[in-house]
Amino acid sequence: MSLPSPRPLLAHTVDELTGRVTEMGGRPFHARIAREALIAGARSYDEMTSLPADLRSALTDEIPLLSSEVREETRASDGATKLLLGFAGREEDMDEVETVHIPPHNPKSPKGATLCVSTQVGCPVACPFCASGLAGLVRNLEAHEILEQFLRGLDVGPIGRAVVMGIGEPLLNYPNVRAALDVVNAELGIGARKVTLSTVGFPDRVREIAPTKPPFQLAISLHTPFDAERDDLVPAMRGVPIDDILAAGDDWFRATHREVTYEYVLLGGDNDSPHHAEELGRRLRGRRATVNLIPWNPLTLFEGDPELPRYRRPSPDAVTAFQEAVQAVGTVTTIRWSRGLESDAACGQLRLRLAARGRAD
Ligand code: SAH
């Protein structure tokens, strides 16, 4: 049996780290120097030359600087870099998450790159069109593991925005997600309006979080305006009426003054009919909300697998027609054309692909 791994630097509060550093003979302010240097890009204690040499070597022996390692890195032609991260002491198969660094379309854009982070290893929600939940939930990520994804992303390049849209359902691991995002806000300087957290909805949790000055904007995955259909598309939300989700979104807007984005994965021939567009527009009309359409990214890994429900990516014309039909009813609608399709754009696929291939080689 493997011994538990020592806690890495970011798993310590500043007070805890100060205590450890003084036990090692350092001065209290050395703790803050080490933490800031890590966030600023140091990847070994030896690079922290403003710390005394003895302290650097004691820290190297006792407190791992990071717990994550990049197990695979793929880069798509559009510049998106997908990282597969594993964690020390958790070498068993599939205990890995994906983090994607997505540069802006226009390289001169002042918006900077967007980082997409994961919150759980696997996902318990089990949406049938999504690769992340196909193998269920393994575990929640720790706050420092969520935070480390930002540091690994910064190693790829500067980050201007973040989306909590990787593997996992963030509201089922909220305390850890929140702790990480508070640090991202305070210490990485990525403001609340530049971070978007995407969830399947949990109305009570949305209402609970709204008044707590959350350091992010909210996106809710709706995927259909019909209750019975949503029960199938978002199984963990079975029985939760769409009305209740929309009402919670309204409460969110009242408490935060930030509009909710409703995400809608477009599954060709399934939820992209004129009837869907009209009903979606009707339900959202008059609300402070926008719709973000996501043409489905095929799970290329599973092509030909008869066990899996088959979906189709709608044609560009069908996507535009759906957008126009929703807008005609009076709801602002944008389209997210996913990038990096050739690098397993559908989130969760890289993790499954490597696991399926067996990474003993
Ligand atoms: N658990 C969160 C975060 C998921 S990822 C949530 O469900 O909101 C962000 C969005 O991508 C969600 O709306 C999700 O349904 C969608 N998505 C998942 N797999 C997809 C795929 N293969 N193609 C397009 N969108 C997908």
Side-chain angles (χ1 to χ4, degrees), residues 82 97-100 102 114-137 140-141 146 149 162-174 177 181 195-203 205-206 216-224 229-230 232-238 240 245 248-249 252 260-268 270-272 280 290-303 305 308-314 319 322 334-353:
K82 191 175 262 200
V97 294
E98 295 173 15
T99 304
V100 195
I102 310 157
T114 300
L115 192 74
C116 178
V117 297
S118 297
T119 56
Q120 296 181 307
V121 180
C123 182
V125 179
C127 304
F129 54 85
C130 174
S132 299
L134 285 180
L137 175 73
N140 282 338
L141 287 181
I146 298 168
Q149 294 175 59
V163 290
V164 183
M165 296 189 186
I167 299 171
E169 168 44 51
L171 294 197
L172 293 179
N173 184 20
Y174 189 67
V177 171
L181 293 182
V195 177
T196 303
L197 177 146
S198 174
T199 171
V200 290
F202 303 101
R205 291 188 194 201
V206 167
F216 52 81
Q217 318 242 39
L218 190 69
I220 299 181
S221 296
L222 205 58
H223 305 327
T224 171
E229 210 169 66
R230 193 167 193 270
D232 292 336
L233 288 178
V234 190
M237 299 299 281
R238 197 161 282 150
V240 179
I245 291 179
W252 172 274
V260 174
T261 301
Y262 288 98
E263 292 164 287
Y264 194 105
V265 62
L266 273 177
L267 307 163
D270 275 284
N271 66 354
D272 65 344
L280 178 67
T290 56
V291 172
N292 190 214
L293 301 174
I294 319 170
W296 184 64
N297 289 314
L299 309 187
T300 42
L301 174 60
F302 303 99
E303 255 159 27
D305 183 338
L308 284 169
R310 299 184 162 272
Y311 293 107
R312 277 195 295 117
R313 184 175 170 92
V319 175
F322 192 88
T334 55
I335 302 173
R336 188 192 313 160
W337 292 107
S338 293
R339 319 204 16 227
L341 270 183
E342 76 272 35
S343 97
D344 300 301
C347 204
Q349 284 206 105
L350 180 60
R351 169 172 169 259
L352 294 181
R353 178 166 64 75

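Just follow the structure's listing: the first ligand is 1, and inside any ligand the first atom is 1.
- The distance criterion of under 3.5 Å between nitrogen or oxygen atoms is not met by Arg336 with respect to ligand 1.
- Under the 4.0 angstrom criterion for non-hydrogen atoms, Val200 is in contact with ligand 1.
- You'll find the side chain of Asn297 stays beyond 4.5 Å of the side chain of Val265, heavy atoms only.
- Under a 4.0 Å criterion applied to the non-hydrogen atoms of Ile294, ligand 1 contributes the atoms 24 (C), 25 (N).
- Within 6.0 Å of atom CZ in Arg336, more than 12 heavy atoms from other residues, nucleotides or ligands are found, so the atom counts as buried in its surroundings.
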### Message
Evaluate Val100 against Thr114 for side-chain contact (heavy atoms from CB on, under 4.5 Å), listing each step before the verdict.
### Response
CA-CA 8 Å; Val100 195; Thr114 300; over 6 Å; no

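- Here the shortest heavy-atom distance to atom 5 (S) of ligand 1, taken over His223, Gln120, Met165, Met237, belongs to Met165.
- Less than 6.0 angstrom separates the ring centroid of Phe129 from the ring centroid of His223.
- In the model, Asn140 has a side-chain atom that pairs as donor or acceptor with a side-chain atom of Gln120 under 3.5 Å.
- Of the heavy atoms in Val265, only side-chain atoms (C-beta onward) come closer than 4.0 Å to ligand 1.
- Taking Thr261 as the reference, nothing meets the side-chain hydrogen bond (donor to acceptor under 3.5 Å, both in side chains) condition, with sequence neighbours excluded.
- For Glu263, every heavy-atom contact with ligand 1 shorter than 4.0 Å involves the side chain, none the backbone.
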Donor-acceptor pairs under 3.5 Å, side chain of residues 162-171 to any protein atom, not counting sequence neighbours: which ones?
from, atom 1, to, atom 2, distance (Å)
Glu169, OE1, Val200, N, 3.0
Glu169, OE2, Leu171, N, 3.0
Glu169, OE2, Thr199, OG1, 2.7

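- For the pair Leu299 and ligand 1, a heavy-atom separation below 4.0 Å is found.
- The atoms of ligand 1 that sit less than 4.0 Å from any heavy atom of Cys130 are 18 (C), 19 (N).
- For the ligand labelled ligand 1, residue Gly168 lies inside the 4.0 Å heavy-atom shell.
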